[in-house]
Amino acid sequence: MQYAIELYYDIETEKKLFDLAKRVADEKLSTKFLEWKTRPHLTLACFNDVNEQRCAEQLRDFAQSHKVMPAYIASVGMFNDTKTIFASPIMTKGMYQFQSELHECFKEYDATGWEWYRPDRWVPHCTLALTGEDEDSVFYKASDLILHEFKKISGKFTAIGLVKITFPVVEIYTAELYKSRGI
């Protein structure tokens, strides 16, 4: 079984991102992303197999030792090979360090084949549309729609979760990040 650890946004930011993804479906362009039934997120790591109970405990401890972080989403991007359209957060030193520390904490799990989620190769992205199974024109129409409707977003990263990569995605465990005063 394959698993991922995801970084989640605050409710308001999540809604703004979900609404963009929903617009693609509402325009009858592509529904594939919504069919996965996943929340807007950044994937921090992927593993080929984990001990779910132990991983959830590790995730809880990791979340308790890490603070809520600002999330600045300033652009839209695409992976042309998979025809994935995404919102792209501004990479900060804190995000890079967070993801690097997470990989160190979970190094016992097999990440073979998931090199694009390793700290030295990570492209943080929040998927808005998966058009790889659609006609080529859908990718361009969905890209145009998102480019016209996207506005910069300032929010927060507030939680991390363990999910099972199935269709649809199954959330196994979610932990809130530590909230310091003023956040």
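The analysis underlying the following values was restricted to heavy atoms, covering all of them including side chains, and did not include hydrogens, waters or symmetry mates. For this chain, numbers begin at 1 and follow the sequence in order.
With contacts defined as side-chain heavy-atom distances shorter than 4.5 Å, the pair Glu27/Leu145 qualifies. When side chains are defined from C-beta on, Thr131 does not count as touching Phe33, because their heavy atoms never get closer than 4.5 Å. Residues Trp122 and Glu115 have side chains not in contact (no heavy-atom distance under 4.5 Å, counting atoms from C-beta outward). Side-chain atoms of Leu59 and Ile5, non-hydrogen and from C-beta on, do get closer than 4.5 Å to each other. Looking at heavy atoms from C-beta onward, Tyr3 lies out of side-chain contact with Cys46 at the 4.5 angstrom threshold. A 4.5 Å side-chain heavy-atom check between Asp134 and Leu29 finds every atom pair outside the cut-off. Residues Pro70 and Lys156 fail the side-chain proximity criterion, which asks for heavy atoms closer than 4.5 Å.
Taking the centre of each ring, Phe98 and His66 come in below the 6.0 Å mark. Ring centroid separation for the pair Trp114 and Phe47 does not come in under the 6.0 Å cut-off. Remark: aromatic rings of Tyr8 and Phe157 are distant, center separation not under 6.0 Å. Less than 6.0 angstrom separates the ring centroid of Phe79 from the ring centroid of Phe86.
Hydrophobic clustering (side-chain heavy atoms under 4.5 Å, transitive across Ile, Leu, Val, Met, Phe, Trp, Tyr) keeps Ile153 apart from Tyr72. A continuous path of hydrophobic side-chain contacts links Met69 to Met91 [ILVMFWY only; heavy atoms under 4.5 Å]. Tyr96 and Phe62 fall within a single hydrophobic cluster, where Ile, Leu, Val, Met, Phe, Trp and Tyr are joined by side-chain heavy atoms under 4.5 Å apart, directly or via other members.
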Q | Verdict with supporting geometry, Thr127 and Trp36, side-chain contact (heavy atoms from CB on, under 4.5 Å) | A | CA-CA 11 Å; Thr127 300; Trp36 278 93; over 6 Å; no
Q: Show the numbers, then the answer: is there a side chain to side chain donor-acceptor pair (under 3.5 Å) between Thr158 and Asp10?
A: CA-CA 6 Å; Thr158 60; Asp10 62 274; over 6 Å; no
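Of the options Leu42, Leu7, Ile73, Thr13, a side chain to side chain contact (heavy atoms under 4.5 Å, CB included) to Cys126 is made by Leu42 and by none of the others.
Here Glu149 pairs with Arg23 under the side-chain hydrogen bond (donor to acceptor under 3.5 Å, both in side chains) rule; sequence neighbours left out. Among residues two or more places apart in sequence or in another chain, the ring pair (Phe, Tyr, Trp, His ring centres under 6.0 Å) test is passed with Tyr173 by none. Val170 is linked by a side-chain contact (heavy atoms from CB on, under 4.5 Å) to Lys164, Thr166, counting only residues two or more places apart in sequence or in another chain.
The existence of a salt bridge linking Lys107 and Glu104 is confirmed by a sub-4.0 Å separation between a basic side-chain nitrogen and an acidic carboxylate oxygen.
The local environment of CD1 in Ile11 is sparse, with at most 12 non-hydrogen atoms from other residues, nucleotides or ligands closer than 6.0 Å. Around NZ of Lys22, the count of heavy atoms belonging to other residues, nucleotides or ligands within 6.0 Å does not exceed 12.
For residues 35-45, the salt bridge (Lys or Arg N to Asp or Glu O under 4.0 Å) pairs, not counting sequence neighbours, are Glu14-Arg39, Lys32-Glu35, Arg39-Glu171. Pairs passing the salt bridge (Lys or Arg N to Asp or Glu O under 4.0 Å) check and including a residue from residues 73-102, sequence neighbours excluded, read Lys83-Asp136. Among residue pairs with one or both ends in residues 119-129, none qualify as salt bridge (Lys or Arg N to Asp or Glu O under 4.0 Å); sequence neighbours excluded.
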